Amino acid sequence: MSVPSPEIVRLAHGVLKPGFAGRRMPDWLAEAIDQGLRAVCYFGHNVGTSDETAALSAQLHARGLGLIAVDEEGGIVSRLGVHGGSRHVGAAMLGRADDLELTRAVAAAIAADLRAVGIDVDLAPVVDVNSNPDNPVIGVRSFGSDPGLVARPAAAYVRGLHEQGVIACAKHFPGHGGTAVDSHVGLPRVDVSPDVFESRELVPFRAAVDAGAEMVMTAHILVPSIDPDRPATLSPAAMSLLRRDIGFDGVIATDALDMGAITGTVGLRQGCVDALLAGADLLGLGNPVLNCPGGTDAEVFAEALTAIVRAAGSGELPIARLEQAHARVERLASLQRGQPVELARSGPSADDRVAAASILARGDLHGILRGRRLRLLDVRRVRKSAAGVLANCVVAELIRRAPGSVLRRAFDVGGATEGRSSQPPPAAVGGNDDIPDVIVTGAPWSDPAEMKQLQKALQGNPDAVVVCVGYAIDGSVIPQARHLVLTWGDSLPTGRAVAKLLQ
């Protein structure tokens, strides 16, 4: 093989967005930045204290990196909240509140947190319409199941990020909300007509783009009405839809190319080349602690880089296409972002107001926490792979307000996708008391094993309070619960709101 052109090597570096292990800049990453790398993505394992994260960001920027991105959606997907839970509510609660000013204020507060630690891009908002209530990967990450209800807060969220000078990335194009498979582990398929896609999935993307979103992330989903053969990330037809029909001229970023929908089909190397050929500009390489199919973070980056350089050198990938993608990323990385707008601090936070307005309760709940040692049972069996950890904010807040409480878990949900386990709430785990006062559940209507545990617990105590943190359509999803709290997600403000209901 001939020695690759230095210019091709530089261009190839500039279209990659890798993750990396640890809280320090590794040598391979420093070298890659010197060679032209312009973007990285933080995951939970990169996040320490605010000062530590800010110092890492400053080091990366000083080296020459242009864009530091992160999945900071609020609610269950929060990299900054990986250790103790998100300080901000998630999209489903915002959609329930249906208050655009509050949505803008929450997004601005999230963006202020990101700016404080040197992060440039929020891989949010999620603008998928959650049309499938059994969706295994979106759920409470979505604003709702109605296109208009998703579109309005999506635009407000983009504006809130922009107030603080943070780049917004609308995801997951052309719409992951109707899927029944998690693209982290397989290739989802959405069989709907072009008319349905236009009237349902594309409406929120139009709103986010019109609001000024500078980046759109693609989904690894197969939509036969758009392209019967290739998932959207690798589909020229899907990219054309975004460019020509919606009119987006910013950076098209891919979801992580180490996800099962890509590695289990075309593979990482060909996936990188095909995504660029389709029209993507910035290639996400995913979480190196979780998903290194080829080895270490450095080895996965080298594998992707080599694939692009070889394809460009052989003519498989036209140099003009690589230059176009690189130019879009460079333009975004070079943007001068304004100074953050000062946030209003008087009264309850926007997140607390959203949580209070969104929660739906059934039954007489008042006084349950008062002077009691609670017996809590967590029957959640599945955590969403995108979340990284199983959020315990509601559980932890109930225990904090009822010292001496005991928590039991019906299932072992396993390790976290961030390479660390969720911080356990400050309570004993175990005990022989099978009669719970409070039962925490996720989406039992879509998981027979979880529903069985929930029903068993309610047989032991029909008056137990059921706290459902999943994406519930309404109270009818758990009809057997006499006392029910629906939260549409889990976060620190959510925990405070639930505890207030039970005081």
Side-chain angles (χ1 to χ4, degrees), residues 44 75-78 82 85-86 90 92 130 132-142 179-186 188 260 290 374-396 398-399 406-425 427-431 433-461 464-473 475-481 484-491 494-495 498:
I76 67 168
V77 177
S78 173
V82 68
S86 176
N130 198 57
N132 179 5
D134 294 333
N135 193 306
V137 68
I138 303 301
V140 296
R141 301 169 64 200
S142 166
T179 61
V181 173
D182 182 349
S183 52
H184 289 83
V185 298
L290 173 70
L374 293 177
R375 299 163 296 182
L376 296 101
L377 174 64
D378 191 336
V379 300
R380 289 177 292 175
R381 194 175 74 89
V382 178
R383 56 176 170 77
K384 292 191 183 300
S385 52
V389 294
L390 186 65
N392 279 315
C393 299
V394 169
V395 170
L398 293 180
I399 291 171
V406 175
L407 169 69
R408 292 189 299 112
R409 295 189 177 95
F411 300 100
D412 179 4
V413 296
T417 63
E418 296 301 338
R420 62 176 63 245
S421 297
S422 173
Q423 290 284 337
V429 177
D433 195 341
D434 292 331
I435 310 299
D437 302 301
V438 178
I439 306 165
V440 179
T441 187
W445 51 87
S446 61
D447 185 341
E450 183 172 327
M451 180 60 84
K452 182 178 180 180
Q453 287 296 319
L454 174 60
Q455 291 171 337
K456 178 182 177 182
L458 283 172
Q459 287 171 1
N461 181 11
V465 177
V466 176
V467 180
C468 176
V469 298
Y471 189 95
I473 300 172
S476 66
V477 294
I478 309 177
Q480 61 271 52
L484 178 66
V485 180
L486 302 179
T487 71
W488 288 275
D490 199 0
S491 64
T494 307
V498 171

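Numbers here simply count residues along the sequence, with the first being 1. The structure presented is a predicted model; accordingly, all values stated were derived computationally and were not measured.
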Next on the checklist: With heavy-atom distances below 4.5 Å as the criterion, would you say the side chains of Val140 and Val469 are in contact?
Outcome noted: no
So the salt bridge (charged side-chain N to carboxylate O under 4.0 Å, His left out) pairs with at least one residue in residues 435-461 (sequence neighbours excluded) are Arg372-Asp437, Arg375-Asp437, Arg381-Asp447
From [X] atom [atom1] to [Y] atom [atom2], the distance as rounded to the nearest 0.5 Å:
X: Asn392; Y: Asp490; atom1: CG; atom2: CG; result: 7.0 Å
X: Ile439; Y: Gln453; atom1: CD1; atom2: CD; result: 10.5 Å
X: Ser446; Y: Asn132; atom1: OG; atom2: CG; result: 9.0 Å
X: Ile478; Y: Leu458; atom1: CD1; atom2: CG; result: 8.5 Å
X: Ser476; Y: Trp445; atom1: OG; atom2: CH2; result: 9.5 Å
X: Asn130; Y: Ile473; atom1: CG; atom2: CD1; result: 9.0 Å

By salt bridge (charged side-chain N to carboxylate O under 4.0 Å, His left out), Asp378 pairs with (sequence neighbours left out) Arg380
Taking all non-hydrogen atoms of both residues into account, name the closest pair between [X] and [Y] and its distance.
X: Leu407; Y: Arg409; value: CD2-NH2, 3.7 Å
X: Leu377; Y: Pro436; value: CB-CB, 3.9 Å
X: Ser491; Y: Cys393; value: O-CB, 3.2 Å
X: Val477; Y: Ala472; value: CG2-CB, 3.9 Å

Taken in chain and number order and not counting sequence neighbours, the residues that satisfy side chain to side chain donor-acceptor pair (under 3.5 Å) with Ser86 are none
Sorted by chain and number, sequence neighbours left out, side chain to side chain contact (heavy atoms under 4.5 Å, CB included) with Gln455 holds for Met451, Gln480
